[in-house]
Number of protein chains: 2
Amino acid sequence: MNPPAGGAATPTPSVRETAEAWESLFRAQVAVMRRLQADPAFRGLGIKEYDVLFTLSGCPQGGLRLNELNEHVLLAQSSLSRLVERLERKGLVTRRAAPDDARGILITLTEAGRETQRRIGRGHVREISRLFGGALDADELAELTRLTAKLREHVVETHPL
Amino acid sequence: MNPPAGGAATPTPSVRETAEAWESLFRAQVAVMRRLQADPAFRGLGIKEYDVLFTLSGCPQGGLRLNELNEHVLLAQSSLSRLVERLERKGLVTRRAAPDDARGILITLTEAGRETQRRIGRGHVREISRLFGGALDADELAELTRLTAKLREHVVETHPL
DNA sequence: TCAAGGTAGATGCAAATGCATGTATCCTGA
DNA sequence: TCAGGATACATGCATTTGCATCTACCTTGA
């Protein structure tokens, strides 16, 4: 329940401290994302499209439902629906009826989609590493990962959409 | 140069660790932002528009230039140009020629804009606090703020757009 | 079993966005 | 001083997005 390596939990943060943390997190995300988007690798395929391919690549067993995918992406349901339609037209994903629920569609990477994700992904992680390079040491980076993961989990679990 | 409360800097992180940290940061941002956007307070005025008002509210002395504003927001220059145009039409900001550079425009909050920002902002920070509530204790939150601020500063300084 | 309400995804349409480019202004070096 | 290039912002236009709504399917309770 408490931080693994730490002592007792410190008090609940104030509204002000919380707002500050969110602003800092958000601005960092903007600064990094703005620079990642500028990568020529995202000329032909937008970074949102890439993100969908990436997310699908992490769930190889049968793909994902549209609504599951939607949890990971900052897009309205209808926008994601059409984004996936575009990916299908490009031959990067397939859409078929979900096996257990005829309302749903199951989205799967095609071989071309998987290959595209890998190709772009290789350069992408290098670009991320270049951007972050020297900003944080290994401990700090691990702590950043831990804290953001913890925040996300908490938010997702206690505040359903 | 080193973490205030820490010891010596640990090694440079691997590409993999860096990519993991970015994904975690990004997903946390998505989860939080998705829920913040759903706030009925952002019915009449989108969260991006609010963000511009908020940023302007932090720089009371004469406002900001469009290109300065653009650093804070994840929008193409042309999109921000039109977003500001919309805010002007709503009477929330004014645009006038920058004093020192006739190419630039200086964007300033109107009284109505400042009031709107304050009104929405009050509920907004409470909503942030509610979302984060209990996710992290005070120390963890402070560390999250510190790490994301450090990351942002480093990225902005070493990777100009 | 079936009516009522809920959920998954698609679609029409207006608004927002980004790219390419345009115009005006500023800067720099010969 | 001035020509060439850079910078700041605006604009035309095609694409993308979100809202409201639709259809199809699922679930529940009487």
Side-chain angles (χ1 to χ4, degrees), chain A residues 30 33-52 56 62-90 92-108 160-161, chain B residues 30 33-52 56 62-90 92-108 160-161:
Chain A
V30 168
M33 182 58 91
R34 179 178 265 303
R35 284 157 181 84
L36 288 176
Q37 278 182 330
D39 191 318
F42 296 114
R43 277 294 154 120
L45 192 72
I47 200 165
K48 287 174 197 153
E49 281 83 356
Y50 168 77
D51 190 27
V52 166
L56 287 171
L64 282 178
R65 296 279 297 272
L66 195 61
N67 56 354
E68 299 174 302
L69 212 46
N70 210 161
E71 175 73 17
H72 294 279
V73 176
L74 205 51
L75 278 177
Q77 175 268 319
S78 60
S79 305
L80 180 59
S81 178
R82 278 189 268 237
L83 190 157
V84 169
E85 191 187 350
R86 267 174 273 148
L87 288 178
E88 187 185 36
R89 268 204 302 269
K90 290 189 180 194
L92 301 174
V93 305
T94 59
R95 298 194 295 175
R96 66 190 129 103
D100 56 329
D101 186 340
R103 293 169 301 178
I105 62 168
L106 195 62
I107 300 148
T108 326
L161 285 172
Chain B
V30 168
M33 182 58 91
R34 180 179 265 302
R35 284 156 180 88
L36 289 177
Q37 278 182 330
D39 191 319
F42 296 116
R43 275 295 154 118
L45 193 73
I47 200 165
K48 286 175 200 156
E49 281 85 355
Y50 168 77
D51 190 27
V52 166
L56 288 172
L64 281 177
R65 293 279 298 271
L66 195 62
N67 58 353
E68 298 173 303
L69 214 45
N70 210 159
E71 176 72 18
H72 295 276
V73 177
L74 207 51
L75 279 176
Q77 174 268 319
S78 61
S79 306
L80 180 58
S81 176
R82 279 188 270 237
L83 190 157
V84 169
E85 190 187 350
R86 267 175 272 148
L87 289 177
E88 187 184 35
R89 269 204 301 270
K90 292 188 177 193
L92 302 174
V93 305
T94 59
R95 298 194 294 176
R96 67 191 127 102
D100 56 327
D101 186 340
R103 292 169 302 178
I105 62 168
L106 195 62
I107 301 149
T108 325
L161 286 170

Trainee: Go through DNA chain D in 5' to 3' direction and return only the first and the last nucleotide with some atom under 4.0 Å of chain B's heavy atoms.
Mentor: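 The contacted stretch runs from dT7(D) to dC13(D).
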Trainee: Using a cutoff of under 3.5 Å, can you pull out all pairs of nitrogen or oxygen atoms linking the protein to nucleotides 3-8 of chain C, with atom names and distances?
Mentor:
{"from": "dG6(C)", "atom 1": "N2", "to": "Arg103(A)", "atom 2": "NH1", "distance (Å)": "3.0"}
{"from": "dT7(C)", "atom 1": "O2", "to": "Arg103(A)", "atom 2": "NH1", "distance (Å)": "2.7"}
{"from": "dA8(C)", "atom 1": "OP1", "to": "Asn67(A)", "atom 2": "ND2", "distance (Å)": "2.9"}
{"from": "dA8(C)", "atom 1": "O3'", "to": "Arg65(A)", "atom 2": "NH2", "distance (Å)": "3.2"}

Trainee: List the residues meeting side chain to side chain donor-acceptor pair (under 3.5 Å) with Arg96(B), not counting sequence neighbours, and say none if there are none.
Mentor: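 With sequence neighbours excluded, Arg96(B) shows a side chain to side chain donor-acceptor pair (under 3.5 Å) to Thr108(B), given in chain and number order.
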Trainee: What do the steps show when you test Leu106(A) against Arg65(A) for side chain to side chain contact (heavy atoms under 4.5 Å, CB included), and what is the final call?
Mentor: CA-CA 5 Å; Leu106(A) 195 62; Arg65(A) 296 279 297 272; 4.3 Å; yes
Trainee: Mind checking what makes side chain to side chain donor-acceptor pair (under 3.5 Å) contact with Gln37(B), not counting sequence neighbours?
Mentor: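 Gln37(B) satisfies side chain to side chain donor-acceptor pair (under 3.5 Å) with no residue once adjacent residues are dropped.
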Trainee: Can you name the residues that form a side chain to side chain donor-acceptor pair (under 3.5 Å) with Gln77(B), not counting sequence neighbours?
Mentor: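 With sequence neighbours excluded, Gln77(B) shows a side chain to side chain donor-acceptor pair (under 3.5 Å) to no residue whatsoever.
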Trainee: How far apart are the C-alpha atoms of Val73(B) and Leu83(B), what are their side-chain angles, what is the distance that settles it, and do they pass the side chain to side chain contact (heavy atoms under 4.5 Å, CB included) test?
Mentor: CA-CA 11 Å; Val73(B) 177; Leu83(B) 190 157; 5.8 Å; no
Trainee: Enumerate donor-acceptor pairs with a distance under 3.5 Å from any side-chain N or O in residues 38-49 of chain A to protein atoms, sequence neighbours excluded.
Mentor:
{"from": "Asp39(A)", "atom 1": "OD1", "to": "Ala41(A)", "atom 2": "N", "distance (Å)": "2.7"}
{"from": "Glu49(A)", "atom 1": "OE1", "to": "Gly46(A)", "atom 2": "N", "distance (Å)": "3.4"}
{"from": "Glu49(A)", "atom 1": "OE2", "to": "Arg86(A)", "atom 2": "NH1", "distance (Å)": "2.9"}

Trainee: Return the angle between end axes of the helix from dT1(C)-dA30(D) to dA30(C)-dT1(D), with five pairs used per end and rounding to 10°.
Mentor: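 Both end axes considered, the difference amounts to 30°.
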Trainee: For Asn70(A), which residues count as a side chain to side chain donor-acceptor pair (under 3.5 Å) partner, sequence neighbours excluded?
Mentor: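 Once residues adjacent in sequence are excluded, Asn70(A) has no partner under the side chain to side chain donor-acceptor pair (under 3.5 Å) criterion.
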Trainee: Scan for salt bridge (Lys or Arg N to Asp or Glu O under 4.0 Å) pairs involving residues 68-79 of chain B, sequence neighbours excluded, and state none if there are none.
Mentor: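 Qualifying pairs, neighbours excluded: Arg35(A)-Glu71(B).
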Trainee: From CG of Asp100(B) over to P of dA24(C), roughly how many Å is that when rounded to an integer?
Mentor: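 From Asp100(B) CG to dA24(C) P: 20 Å.
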Trainee: Quick one, which residues of residues 77-88 of chain A touch DNA chain D with a heavy atom under 4.0 Å?
Mentor: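 When residues 77-88 of chain A is checked for heavy atoms under 4.0 Å from DNA chain D, the hits, listed by number, are Ser78(A), Ser79(A), Arg82(A), Arg86(A).
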Trainee: With the threshold set at under 4.0 Å for non-hydrogen atoms, list the residues of residues 36-50 of chain B touching DNA chain C in residue-number order.
Mentor: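 The stretch gives Lys48(B) as the residues lying under 4.0 Å from the strand, ordered by number.
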Trainee: Sequence neighbours left out, what passes salt bridge (charged side-chain N to carboxylate O under 4.0 Å, His left out) with Arg82(B)? Give chain and number order.
Mentor: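 Arg82(B): no salt bridge (charged side-chain N to carboxylate O under 4.0 Å, His left out) contacts found.
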Trainee: Examine distances only and state if a side-chain atom of Arg34(A) and a backbone atom of Leu75(B) form a donor-acceptor pair shorter than 3.5 Å.
Mentor: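 Pair found, side chain donor or acceptor close to backbone of Leu75(B).
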Trainee: Any chance you could lay out the side chain to side chain contact (heavy atoms under 4.5 Å, CB included) test for Val52(B) and Leu80(B), step after step, and finish with the verdict?
Mentor: CA-CA 9 Å; Val52(B) 166; Leu80(B) 180 58; 4.1 Å; yes
